Amino acid sequence: MTGFSEKNGVLHADSLPLDDMAKTYGTPCYIYCASTIRDSVTRLRDALAGTLSKPPLITFATKANSNLAVLHLMSGMGLGADIVSGGEMQRALLAGMAPDKIVFSGVSKSKGEITSALKHKILQINVESRPELERIAAIAKEMDVIAPVSFRYNPDVDALTHAKITTGKNENKFGLSQNEAETLYRIAASHPNLRPRGFSVHIGSQLTDLTPYRQAYKKLADLASKMMDKGLPVESLDLGGGLGITYRNETPPDLDSYARIIKEIVEPLGTELVLEPGRYLTGEAGILLTEVSYIKESEGRKFLIIDAGMNDLLRPALYDAWHDIRPIDVREGRPTYHYDIVGPICETGDTFAFQREMPELKAGDLVAIMTAGAYGFVMASNYNTRPRPPEVLVEGTRHALIRQREGFDDMIKGELIPDWLDKSE
Ligand SMILES: *Cc1c(COP(=O)(O)O)cnc(C)c1O
């Protein structure tokens, strides 16, 4: 039994009953199934291997779930990392990822981050603007190294996903226009401290339709072949991430069809290929396990107040995201009610679900917010001075704490009260 499923009237993570997990680790608590992560990696890899003549480098978009144990699992499976900060680079390296499998994305990299990326000799820095290229060139010159750069192209394609996770339209801050990408590529090709490796695209997240991929990859391939025709080498094309998953009733893109699009449009150019999936690899592998604190009834509405808040899982408040919410006790035969499922935070946005039909629940019962393995813990904060929850990894009958629950001392670490506050001038 792998993943989250029901057995003997109780929801399990692999072979472990979640009521036992709640006793061991307390609530709220993130739980990830290693087997589910491995299955996602294998599914994606098999689809690509079955279609393409050479397997692409899969770099896990670390920002989706950057726990060291999760990254270590990924590196053990041969994956690299797509990072968006110096901190994520340190995590990836610490977790055992090879520097030559690390790609540095993001719209603004600091001098320190660029220096550190060059020092560690990562595979490539994906450049998103002219001033950024100039900064990389200056640092590389000073360090007397050659910086491997790729150019993030904004193909002006609508990813047909939520506005806050759309990144490939002209009006988004990400990437370079075709003209600018071409110009910068030429500049890099003639600069002694820069080595242009190719281009990248990433048009958004939680894509369920393959059409935007087809459009973006076509434009990417056209851009690359134009450069090649001009005699400029293009070694590598980075196809981004964005593969969607099922939160409610979405149909994720068919991986074989996705691989066929790559084969048809991009593979003929003969470059190396890089992919940057995040959500697809860990989203369905994680839950946020929480306990019902109170049932509050008011004007005929039932509020299910749980012990997790928007500080623990931000997606519903930030993206209006829908998450399945399941009771851990799944025995049949109870009456059902419609609940508004809310957290303890002093914000109306701290609502996980409106009028959700659930079996009757009482204080002390456990519920799981499903599909919380990507963009879950990584977005957690201490808002309302609430400690961030622990993270637990399970596989089969084994389980381990992979991040401790924060305590009060962790939350005030680094805070200081200046002594002049109590003195008048
Ligand atoms: C966030 C991000 C990804 C991963 O997106 P998913 O939707 O999680 O697959 C990949 N590449 C870049 C540049 C990103 O910013």
Side-chain angles (χ1 to χ4, degrees), residues 37 40-41 43-44 48 56-67 70-71 74 79-85 87-89 92 101-109 113 117 122-129 132 149-155 157 159-169 172-176 181 198-210 212-213 216-217 220 236-247 250 252-253 255 258 273-286 314-315 318-319 321 371-379:
I37 298 177
S40 311
V41 172
R43 259 200 319 274
L44 178 59
L48 296 165
L57 171 63
I58 302 177
T59 62
F60 173 56
T62 307
K63 73 176 189 289
N65 186 327
S66 57
N67 184 285
V70 171
L71 297 184
M74 298 287 186
L79 269 61
D82 170 50
I83 56 160
V84 291
S85 71
E88 286 192 351
M89 182 170 67
K101 289 184 180 174
I102 296 179
V103 171
F104 196 165
S105 298
V107 81
S108 171
K109 301 152 195 99
E113 288 173 328
I122 67 165
L123 181 66
Q124 69 191 36
I125 302 177
N126 290 355
V127 177
E128 298 218 16
S129 68
E132 186 176 70
V149 289
S150 176
F151 293 87
R152 175 157 175 194
Y153 171 39
N154 181 330
V157 164
L160 308 173
T161 182
H162 190 280
K164 283 191 180 160
I165 47 178
T166 294
T167 58
K169 289 285 289 169
N172 302 132
K173 69 177 176 180
F174 299 99
L176 302 156
F199 298 94
S200 70
V201 285
H202 173 71
I203 55 173
S205 197
Q206 183 55 15
L207 273 73
T208 49
D209 191 336
L210 285 172
Y213 278 116
Y217 291 172
L220 176 75
S236 171
L237 291 173
D238 176 342
L239 305 178
L243 290 170
I245 57 175
T246 304
Y247 287 95
E250 307 90 333
L255 292 181
Y258 177 64
L273 296 176
V274 178
L275 295 185
E276 304 172 342
R279 187 190 311 272
Y280 180 79
L281 298 184
T282 59
E284 289 173 5
L314 189 58
R315 297 190 70 259
L318 185 62
Y319 306 124
T371 328
Y375 306 104
F377 181 88
V378 286
M379 286 187 173

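Keep in mind the model is a prediction, meaning the values are calculated, not measured. Keep in mind that the numbers below use all heavy atoms, side chains included, and drop hydrogens, waters and symmetry copies. All ligand and atom numbering here is 1-based and tracks the order in the structure.
Atom CD in E276 sits 11.0 Å away from atom CD1 in I83 (nearest 0.5 Å). To the nearest 0.5 Å, atoms CZ (F60) and CG (N65) are separated by 5.5 Å. The distance from atom CZ of F104 to atom OG1 of T59, rounded to the nearest 0.5 Å, is 13.5 Å. A distance of 11.5 Å separates CZ of F199 from CG of N126, quoted to the nearest 0.5 Å. Between the CG atom of D238 and the CZ atom of R152 there is a distance of 9.0 Å, given to the nearest 0.5 Å.
If you number the atoms of ligand 1 from 1 as listed, the ones under 4.0 Å from a heavy atom of R279 come out as 6 (P), 8 (O), 9 (O). Which parts of ligand 1 touch S105 is read off a 4.0 Å heavy-atom cut-off, strictly below it: atoms 13 (C). For ligand 1, the atoms lying closer than 4.0 Å to a non-hydrogen atom of G241 are 9 (O), 10 (C). Atoms of ligand 1 lying under 4.0 Å from any heavy atom of P277, numbered from 1 in the order shown and given with element: 9 (O). Taking every non-hydrogen atom of S205 and a distance limit under 4.0 Å, the qualifying atoms of ligand 1 come out as 6 (P), 7 (O), 8 (O). Each of the following atoms of ligand 1 lies closer than 4.0 Å to a heavy atom of R152: 13 (C).
The nearest heavy-atom contact from the protein to atom 1 (C) of ligand 1 is K63 NZ, 1.3 Å. Looking from atom 4 (C) of ligand 1 to the surrounding protein, the closest heavy atom is A61 CB, 3.3 Å. When hydrogens are left out, the protein atom nearest atom 10 (C) of ligand 1 is E276 O, 3.2 Å; that is the closest non-hydrogen contact. In terms of protein heavy atoms, atom 8 (O) of ligand 1 is closest to Y375 OH, 2.6 Å.
Of the heavy atoms in D82, only side-chain atoms (C-beta onward) come closer than 4.0 Å to ligand 1.
Between Y258 and Y217, the two ring planes are tilted [angle within 30° to 60°].
The closest approach between G240 and ligand 1 stays at or above 4.0 Å for every heavy atom of the residue.
Here the closest non-hydrogen pair linking P212 and L160 is CG-CD1, 4.0 Å.
Between K109 and E132, at least one side-chain N (NZ, or NE/NH1/NH2) sits under 4.0 Å from a carboxylate O, which counts as a salt bridge.
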